[in-house]
Amino acid sequence: MSGPAAGTAHAATTTDVVCLGESMVTFLPSQPGRLADVPSFGRGIGGAESNVACALAAAGHRAAWVGRVGADGFGDHLVETIAGYGVDTSAVRRDPDRPTGIYFRTATDRGAGAHEVAYYRAGSAASAMSPANVPYEELFAGRILHLSGITAALSADCLALLRELTAPRPGRPLVSFDVNHRPRLWRDGDAGVLLELARRCDLVFVGEDEAEEAWGIVGAEAIRAALPEPSVVVVKRGSAGATVFASGPRPGPRSSNAGGADSAAGGAEAGERAAQAAGRDTVTVVPALHVDVVAAVGAGDAFAAGFLSATLRDLPVRDRVRHGHLMAAAVLTVPGDLTAPPARDHADRLVALDDGAWGRLRLGPGWTAADRAHEEVRTP
């Protein structure tokens, strides 16, 4: 199939979120230090889009991951591990001629000067994804299609694929796009293309820092001005939290009659409803949580998963952001990219806190296992 037919829409939707992108086997250091000095590594998995799919599945949603891996042992490990989280991997394709990508990283935070990552992904099976070889029926079978700017950087064919998937067409699902600017992947390309792709999507996640680095755009308001088309733009501001610009009726994916996502959520706040009915942006600012960070890798993917989970439940924008913060906090307080999210009723109780109590929350390792009787709310 060379591309999706116009109006390919999915009479019966059985999947909540479909995530497309490269997943790689990642080698995690046994101790801190330079890659040259680390004596051994443990094996894990890493991939922005598969991370989102795994987190959503762990939160009780029907998630699928679509990708391309080599016909090798690393490909087997990826597919088996991701499927082990409850993710549908039936649309993953195996490439007999290209390998599965791998990478090594140090234990330091990605933003630290001493952080090292060694990628072995050039010519990988995922880089061969193109409009000619992806399963479009599976990609458009969900309520949400989640994409990332990382895919656009892998090859000219991958960029062509993202342009195809973000093109307007009747009946397409809500298209979610995490900019995920990775400077090293764009050394020989123009990261400005990420702005082009983001403008064609319905929901965009972008960090203030990456918007400045990739596009020279500074500040949340300027980012929204550069992205007028998406119904929702989520500007992540690090420790300051997130600012969300939302336009029109409260945006969400099309409804599904198949049980799985909780659509019986409370209505939006009165101010949100009134502003959206008038057709103008509502601006929602939600502070970040105080978190005792163990490792920062994977937090952005977890935030996106939490926001998408609450979007599937049609929660108000503030609650979507809070669920994003909580899902990110779950990952921040463990060493790896993935962990079990808090139970839904536990997360809902925290999301419902008033602003003062939310601001006093401090979450550390093990917090997701807390039950109501032992929930800890501490002043930082």
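Computed from a prediction, not measured in an experiment: that's the story for all the values here.
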Does any part of the side chain of [Y], heavy atoms only, come nearer than 4.5 Å to the side chain of [X], both counted from C-beta?
X: Lys236; Y: Asp209; value: no
X: Arg121; Y: Leu154; value: yes
X: Val193; Y: Trp186; value: yes
X: Ser124; Y: Arg98; value: no
X: Asp76; Y: Phe74; value: no

- Task: Apply side chain to side chain donor-acceptor pair (under 3.5 Å) to Ser155 and Asp157, showing your working.
- Result: CA-CA 5 Å; Ser155 68; Asp157 281 343; 5.3 Å; no
- Can the ring centres of Phe27 and Phe41 be said to be less than 6.0 Å apart?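 No, the ring of Phe27 stays outside the 6.0 Å limit from the ring of Phe41, centre to centre.
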- Do His323 and Phe307 have ring centroids that are under 6.0 Å from one another?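 When the ring centroids of Phe307 and His323 are compared, they turn out to be at least 6.0 Å apart.
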Sidechain N-carboxylate O distance under 4.0 Å for [X], [Y]:
X: Arg362; Y: Asp292; value: yes
X: Arg182; Y: Glu213; value: no
X: Glu196; Y: Arg163; value: yes
X: Arg322; Y: Asp319; value: no

How long is the gap from [atom1] on [X] to [atom2] on [Y], to the nearest 0.5 Å?
X: Asp72; Y: Leu78; atom1: CG; atom2: CG; result: 8.5 Å
X: Ser50; Y: Ile82; atom1: OG; atom2: CD1; result: 4.0 Å
X: Leu161; Y: Thr151; atom1: CG; atom2: OG1; result: 8.0 Å

- Task: Determine, stepwise, if the pair Asp202 / Ser231 fulfils side chain to side chain donor-acceptor pair (under 3.5 Å).
- Result: CA-CA 5 Å; Asp202 303 301; Ser231 298; 5.1 Å; no
Are [X] and [Y] joined in one hydrophobic group, where the rule is that I, L, V, M, F, W and Y side chains link up if heavy atoms are under 4.5 Å apart?
X: Tyr119; Y: Val69; result: no
X: Leu185; Y: Val25; result: no
X: Phe177; Y: Tyr136; result: yes
X: Val79; Y: Val52; result: no
X: Val232; Y: Met327; result: no

- Task: Over all heavy atoms of both residues, which pair between Gly142 and Pro173 is shortest? Give the atoms and the distance, please.
- Result: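 For Gly142 versus Pro173, the nearest heavy atoms are O-CB, 3.3 Å.
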- What's the shortest heavy-atom distance between Pro341 and Ala330, and which atoms?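 So the minimum-distance heavy-atom pair works out to CA-CB, 4.4 Å.
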- Task: For side chain to side chain donor-acceptor pair (under 3.5 Å), just list the numbers for Ser148 and Glu49, CA-CA rounded to whole Å, side-chain angles, deciding distance to a tenth of an Å, and then say yes or no.
- Result: CA-CA 7 Å; Ser148 153; Glu49 302 85 1; 3.1 Å; yes
- Message: Does either side chain, that of His346 or that of Thr368, offer a donor lying less than 3.5 Å from an acceptor on the other one?
- Response: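 Their side chains do not contain a donor-acceptor pair, so the 3.5 Å distance test is not met.
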